[in-house]
Q: 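Before I ask anything, here is the structure I am working with.
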There are 2 protein chains.
Amino acid sequence: MSPDASTTAADRAYDELVTGQQDQPGRARGPYRKSSERRRQIIASAISLFATRGVDGSSLRTLGEAIGVSHSALRHYFASRDELLVEVYRAHEHTISDGGAQPPLGPVSTMIAGARRNRSIPGLVRLYATLTTDALQEQHPATRTYVRERFRSLRAQLEGQIREAQRQGTVAEEIDAADAAALVIAASDGLQIQWLLDPEEVDVGSALSLLARILPEQGA
Amino acid sequence: MSPDASTTAADRAYDELVTGQQDQPGRARGPYRKSSERRRQIIASAISLFATRGVDGSSLRTLGEAIGVSHSALRHYFASRDELLVEVYRAHEHTISDGGAQPPLGPVSTMIAGARRNRSIPGLVRLYATLTTDALQEQHPATRTYVRERFRSLRAQLEGQIREAQRQGTVAEEIDAADAAALVIAASDGLQIQWLLDPEEVDVGSALSLLARILPEQGA
DNA sequence: GTCTATACAGGGATAGAC
DNA sequence: GTCTATCCCTGTATAGAC
């Protein structure tokens, strides 16, 4: 799982995808979006139900029953179960990024900090991993769009940080910033999967810190 | 996806898991395993069906129909659909490792070579990614065991190569070989997922080669 | 716009024929 | 040991009530 970057590009792309309309100024207020209130209620109920029964054990019918509606009603607000899961993940993500200002760390430190936070919420890490591979299947075009845009915006963000470090002479110039950005994200995601499968054998932070040999940071 | 290592440890662990008995000498021959012949037939049919309809579009009922049996019959040989998918993946894997002797490359070159081969078989890469996240869910204990053992044996293999390189002075001694092994695998897996989602934007080989700055190889 | 009813195909589980 | 029949619970799709 990746850190709590403000994935604005992915947010916008996804909102447009879901609502079918761009968030243009001019109709920015008003009831242009269908019952985002009800959506929030459902998401909140889903989160609390996932917390007790787990994501796997929570079907749309179970969730609908808990709320008092049929499972079809849920699909009126979320085109698919995956879409609901994406929203649950985004809700958690925003909770994190709302929790205080982020110190301007380097790329590697940022990912290590994110991974450390994730150690206390393995369920969310699993959820993120599930969404990522769901995005690979052709059956989930919406999930695919969201995840791809999320990766793109994360990569762009890290790439910018790396280029800045290169300007300051901290990182070698020969390194391709785009490659390095993709590498750091991939390492973080992949290590957390190995950690979920084998917590005793894999130390995400320790392994990630090896990347500081490629991307040195002043703090390190 | 990881390279075509001879994952003997994972193989053994999985065989024991599936058959419920260890492959001890003394009853190594004989018909101790139920109809491995029929299993092979089913796997072969599954592969050819996946090749045409795709994995997603191939249900157990469809596959059973193609063979001429009910879907329940398939579950007599495979405890779950995932188990069948694991076998399909293993079949492909063995095909690769049978295809000629592997030159003794370093860890990074090995992963790059594997990733390059995978570019021509994105379906298999997707399958591998799916199995990996399925392994994270509690519902798939058999998949979990197989994937975990596979990671363990891959890590052990790379760790050995890295330690050897440290003995030869190619790799810095301060580097933890276990961390480095997990890192290389994670980077390879994670990059291939990003590549599947965004082939134009992500270059797996190029990004992976950055790791040679941590783990230098004579050939590089 | 909000929601129910209903049908369908999927994986999984069980009972039982042979 | 091999396999069919059948049932359950999913997510998904559609029709239609209000």
Q: I need the CG-C1' distance between B:L85 and C:dG11, as an integer number of Å.
A: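 Taking atom C1' of C:dG11 as the reference, CG of B:L85 is at 12 Å.
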Q: For residues A:D11 and A:R90, determine if any side-chain heavy atom of one lies less than 4.5 Å from a side-chain heavy atom of the other.
A: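 Result yes, sub-4.5 Å side-chain heavy-atom pair found.
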Q: Expressed as a whole number of angstroms, how long is the span from B:E37:CD to D:dT2:P?
A: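 Taking atom P of D:dT2 as the reference, CD of B:E37 is at 12 Å.
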Q: Would you check if A:R116 and A:I112 make a side-chain contact, meaning some heavy-atom pair closer than 4.5 Å?
A: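 SC-SC contact between A:R116 and A:I112 confirmed.
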Q: With a non-hydrogen cut-off below 4.0 angstrom, is B:R38 in contact with a base, only sugar-phosphate, or nothing?
A: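 The answer is sugar-phosphate, as B:R38 gets under 4.0 Å only of primed atoms, P, OP1 or OP2.
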Q: Distance check: side-chain N/O of A:S70 vs OP1/OP2 of C:dC3, anything under 4.0 Å?
A: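 A:S70 to C:dC3 OP1/OP2: no side-chain N or O under 4.0 Å.
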Q: Answer with yes or no whether A:R61 presents, from its side chain, a donor or acceptor under 3.5 Å of a partner atom in the base of D:dG11.
A: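 Counting by modelled atom types and ignoring angles, a donor-acceptor contact under 3.5 Å is found here.
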Q: With heavy-atom distances below 4.5 Å as the criterion, would you say the side chains of B:L84 and B:L63 are in contact?
A: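 Yes, at least one pair of side-chain atoms sits under 4.5 Å.
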Q: Rounded to whole angstroms, how far apart are CD on A:Q139 and P on C:dG10?
A: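 To the nearest whole Å, that distance equals 11 Å.
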Q: Kindly say if B:R75 contacts the phosphate of C:dA13, meaning a side-chain N or O under 4.0 Å from OP1 or OP2.
A: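 Indeed, a polar side-chain atom of B:R75 lies that close.
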Q: Compare the minimum distances between each of C:dG1, C:dG12, D:dC3 and the side chain of B:R81, then state the nucleotide with the smallest one.
A: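 Per side-chain heavy atoms of B:R81, the pick is C:dG12.
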Q: Taking C-beta and beyond as the side chain, do A:T130 and B:L136 meet within less than 4.5 Å on heavy atoms?
A: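 With C-beta onward as the side chain, the pair stays apart.
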Q: Looking only at side-chain N and O atoms, does A:S72 come under 4.0 Å of OP1 or OP2 in C:dC3?
A: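 Result: no.
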Q: When you measure from the side chain of A:S59, which nucleotide among C:dT2, C:dG11, D:dG11 comes out closest?
A: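 Output: D:dG11.
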Q: Would you say a side-chain N or O of A:S35 is under 4.0 Å from OP1 or OP2 of C:dT2?
A: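 Checking A:S35 against C:dT2: at least one side-chain N or O falls below 4.0 Å of OP1 or OP2.
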Q: Of the nucleotides D:dC3, C:dT4, C:dG10, which one has an atom closest to the side chain of A:V69?
A: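 The answer is C:dT4, which lies nearest to the side chain.
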Q: Taking NE2 from B:H76 and P from C:dG12, how many angstroms apart are they, rounded to a whole number?
A: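 Taking atom P of C:dG12 as the reference, NE2 of B:H76 is at 16 Å.
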Q: Does D:dG1 have OP1 or OP2 under 4.0 Å away from a side-chain N or O of B:Y77?
A: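 No.
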Q: Salt bridge between A:R150 and A:E93, side-chain N to carboxylate O under 4.0 Å?
A: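 A:E93 and A:R150: salt-bridged.
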Q: Answer with yes or no whether A:H71 presents, from its side chain, a donor or acceptor under 3.5 Å of a partner atom in the base of D:dT12.
A: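 Indeed there is one.
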Q: Atom CG of A:L84 to atom C1' of D:dT10: distance rounded to whole Å?
A: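 It is 15 Å, rounded to the nearest whole Å.
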Q: Could you check B:D82 against A:L74 and say which one's nearest nucleotide on DNA chain C is further toward the 5' end?
A: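 First, find each residue's nearest nucleotide; the 5'-ward one identifies A:L74.
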Q: Can you measure A:L60 atom CG to C:dT4 atom P for me and round it to whole angstrom units?
A: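 Between P of C:dT4 and CG of A:L60: 13 Å.
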